[in-house]
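Following: one structure in structure tokens, then a few remarks.
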Amino acid sequence: MSQTCVFVYSEQFLQYKFHDDHPFNQLRVKMTYDLLCTLGALEDRQIVAPRMATDDELALIHDRSYIEAVKAAGRGELSEAAAQNYGLGTEDTPIFPNMHEASALLVGSTLTAVDAVLSGAAEHALNLGGGLHHGFRGKASGFCVYNDSAVAIQYIREKYGLRVLYVDTDAHHGDGVQWAFYDDPNVCTFSIHETGRYLFPGTGNVNERGLGAGYGYSFNIPVDAFTEDESWIAAYTTALREIADFFRPDVIVTQNGVDAHYYDPLTHLSVTMKTYRAIPKLAHEIAHEYCGGRWIAVGGGGYDIWRVVPRAWALLWLEMTGQADVSGPLPDEWRERWQPLSPVALPLEWDDPDDLYPPIPRKAEISEKNAQTVEKALYFIRSQRRAGT
Ligand SMILES: [Zn+2]
């Protein structure tokens with residue numbers, strides 16, 4: 001399989017850093033990059049340096065006053081009252097020096113990925129620095145300053161005129177992207193996440209289906225806490241297949257937060273590497289089936305940066321480049337390099353052991369509930385199909 005793939009990367013991704021104790025840590029991108037290099041799975045010619053997003057590009061989604069506020073915050077010139085208005089300086093999204101530049105680079109990285117694919121230079125592109133799906137038009141939220149995916153999708157709409165399917169498999173609802181395109185029938189958003197009953201941001205209910213002309217183009221599958229691989233993968237597979245068949249996208253943008261893993265400290269789901277093999281595999285199939293291969297993938301959440309993120313994100317790139325048959329032990333060299341920095345033992349193998357956690361007693365009940373949620377989420381598609389439209 002000879003596919004042209006682009007890996008957008010720069011050490012400068014690490015400048016998006018709130019403080020030393022903050023759970024959002026871009027070291028995970030460097031660890032993934034290093035794992036792929038150690039494996040010999042990333043060629044120099046595939047690596048592309050990102051560019052900064054311009055103010056005009058950011059303004060495709062964000063309010064100008066917000067962009068100015070982020071700039072001022074990064075220079076230490078934003079008043080506390082003003083900061084509060086813009087969701088800046090909170091516990092989740094603290095102010096840090098040069099935050100505008102660091103955030104605009106992550107947006108530019110996703111735009112770099114978009115241009116690589118839509119110019120025809122590459123078939124697929126990956127920007128693990130992106131995926132900041134909680135950023136709003138005029139407000140920072142949930143570790144996210146600018147919303148790279150929302151900016152990128154609006155950029156695709158305006159520059160290329162293509163219909164976009166956005167698929168968000170982060171454990172948290174992809175709220176910022178959903179609301180940005182809630183009334184737009186040319187952008188279909190699908191988010192599968194842990195129910196918002198107990199988890200940030202609280203939205204992503206199955207009844208959030210879009211607005212006006214965009215009604216029926218927003219899909220949400222809030223799964224129950226403690227959902228395991230089998231049920232998660234079944235929900236994702238059924239939903240993505242039916243949504244893609246209904247919407248028939250020109251291009252697919254996937255957000256690959258990997259915080260649904262059992263080890264993730266911020267969420268309550270119980271999936272393993274099995275899920276992180278299944279997600280890109282199906283996205284890849286859909287890209288070829290409907291989009292002539294056009295697939296842009298970004299990162300997202302993922303807070304066990306030692307045991308989960310590098311493996312899961314490496315598997316995403318390996319799937320993209322047709323090398324996903326890797327299994328067995330991780331490279332010793334990589335483990336030896338990173339183990340001294342890690343507070344926990346790094347995993348020995350690509351896949352998680354079957355006994356990663358004790359059996360979950362409510363498994364059947366949870367699976368049944370999730371199946372009902374899928375049914376509700378796809379109700380309109382299925383009823384239209386029955387009506388023969
Ligand atoms: Zn998340």
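Note that ligands are numbered from 1 as they come in the structure, with each ligand's atoms numbered from 1 the same way. FYI, the numbering just counts along the sequence from 1. In what follows, every heavy atom counts, from backbone to side chain, and hydrogens, waters and symmetry copies are set aside.
Listed for the Asp183 side chain is no donor-acceptor partner under 3.5 Å among the backbone atoms of Gly214.
Protein contacts to the Zn ion (ligand 1) involving N, O or S atoms at a distance below 2.8 Å are Asp170 OD1, His172 ND1, Asp259 OD2.
Using a 4.5 Å cut-off on side-chain heavy atoms (C-beta onward), Gln46 and Met320 make no contact. Between Leu126 and Cys5, every side-chain heavy-atom pair lies at or beyond the 4.5 Å cut-off.
In this model, a donor atom of one side chain and an acceptor atom of the other lie less than 3.5 Å apart for Thr254 and Asn256.
Ring planes of Tyr146 and His62: tilted class, angle from 30 to 60°.
Residues that satisfy the side chain to side chain contact (heavy atoms under 4.5 Å, CB included) test with Asp351, not counting sequence neighbours, are Met273, Arg277, Ser327.
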